[in-house]
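Read the structure below first, then the notes.
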Amino acid sequence: MSVSPPKLMWEASLGKEMSVDGATLRFVALGKPDKTDDTVLGWYVLLSRPTGEAKILMKTFNYEPRLLKTFLGLRSLLRDHVPHWTSVTLPLVPQIRVPNDIWKILDKMDSATNQDEVST
């Protein structure tokens, strides 16, 4: 029985994680539970690699997914860790409304890889 590695990354390793050829970041917008309000509360950061491995950016001290709440926070993160990027696309409407749903998205990103491994 094999144990899969944690699907977690911290800000300090973001630059190293992004140095892998084909690695991409995906931003997932969190909204309010009220579906009539499309206000975005912030963005979670997911990393995916060409191998299908997916990881989520975590807070260092609280051990929970990091939610970037402002454009300035996003800009600072990206300037510090992927300074060669010149543009970023962010969702402007919520994709999830409950913080724990971010784990479902991460699992879906990873499940495609696991299915590929089983079929080969």
Side-chain angles (χ1 to χ4, degrees):
M1 180 169 137
S2 65
V3 177
S4 63
K7 301 172 188 178
L8 313 175
M9 69 177 170
W10 283 261
E11 187 174 330
S13 66
L14 184 58
K16 181 179 176 185
E17 297 279 0
M18 286 300 298
S19 68
V20 174
D21 284 341
T24 59
L25 290 182
R26 175 179 174 192
F27 300 94
V28 178
L30 173 67
K32 295 180 179 181
D34 176 8
K35 292 184 180 182
T36 62
D37 185 353
D38 278 343
T39 301
V40 172
L41 301 175
W43 297 269
Y44 291 108
V45 180
L46 302 177
L47 175 128
S48 64
R49 292 188 172 163
T51 61
E53 179 184 21
K55 294 184 177 188
I56 187 167
L57 184 64
M58 300 290 288
K59 288 184 178 180
T60 303
F61 298 109
N62 298 353
Y63 203 70
E64 63 186 26
R66 181 163 180 205
L67 182 68
L68 297 162
K69 297 179 182 177
T70 66
F71 289 113
L72 291 175
L74 276 165
R75 184 181 72 184
S76 175
L77 173 80
L78 297 174
R79 277 190 179 171
D80 290 348
H81 300 288
V82 281
H84 59 279
W85 281 21
T86 57
S87 66
V88 174
T89 302
L90 294 174
L92 298 178
V93 295
Q95 296 166 291
I96 60 173
R97 299 206 176 258
V98 178
N100 280 339
D101 284 351
I102 193 63
W103 297 108
K104 294 175 187 174
I105 291 176
L106 188 65
D107 285 340
K108 284 180 186 176
M109 289 172 67
D110 243 15
S111 69
T113 304
N114 293 336
Q115 290 174 0
D116 289 344
E117 289 173 358
V118 170
S119 64
T120 56

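In this chain, numbering begins with 1 at the start of the sequence shown.
Residues passing the side chain to side chain contact (heavy atoms under 4.5 Å, CB included) test with L106, sequence neighbours excluded: K7, L46, A54, I56, W103. Residues meeting the salt bridge (charged side-chain N to carboxylate O under 4.0 Å, His left out) test with R49, sequence neighbours left out: E17, E53. Residues meeting the salt bridge (charged side-chain N to carboxylate O under 4.0 Å, His left out) test with D101, sequence neighbours left out: K104. Annotation: salt bridge (charged side-chain N to carboxylate O under 4.0 Å, His left out) contacts of K16 (sequence neighbours excluded): none. Partners of T39 by side chain to side chain contact (heavy atoms under 4.5 Å, CB included), not counting sequence neighbours, listed by chain and number: K32, D37. Listed by chain and number, the residues in a salt bridge (charged side-chain N to carboxylate O under 4.0 Å, His left out) with D21 amount to none (sequence neighbours excluded).
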Identify each donor-acceptor pair in which a side-chain atom of residues 70-93 lies under 3.5 Å from a protein atom, sequence neighbours left out, and give them as a table.
residue: T70; atom: OG1; partner: G73; partner atom: N; Å: 2.9
residue: H81; atom: ND1; partner: E11; partner atom: O; Å: 3.4
residue: H81; atom: NE2; partner: E11; partner atom: OE2; Å: 3.2

**Report entry** side-chain contact (heavy atoms from CB on, under 4.5 Å) evaluation trace for L30 with W43
**Finding:** CA-CA 6 Å; L30 173 67; W43 297 269; over 6 Å; no

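In this structure, CZ in R66 is found 14.5 Å from CD1 in I102, a value given to the nearest 0.5 Å. Rounding to the nearest 0.5 angstrom, the gap separating the CG atom in L41 from the CG atom in L68 is 13.0 Å.
When hydrophobic clusters are built by joining Ile, Leu, Val, Met, Phe, Trp and Tyr residues whose side-chain heavy atoms come closer than 4.5 Å, directly or via intermediates, L25 is not grouped with I105. Hydrophobic clustering (ILVMFWY, side-chain heavy atoms < 4.5 Å, transitive): V98 and V40 are in distinct clusters. With hydrophobic clusters built from ILVMFWY side chains whose heavy atoms lie under 4.5 angstrom apart, V45 does not share a cluster with L67.
Across every non-hydrogen atom of L57 and W10, the tightest pair is CD1-C, 3.7 Å. Taking each heavy atom of M9 and L14 in turn, the nearest pair found is CE-CD1, 3.8 Å.
Applying the salt bridge (Lys or Arg N to Asp or Glu O under 4.0 Å) test to pairs two or more places apart or on separate chains, those with a residue in residues 85-99 are D38-R97.
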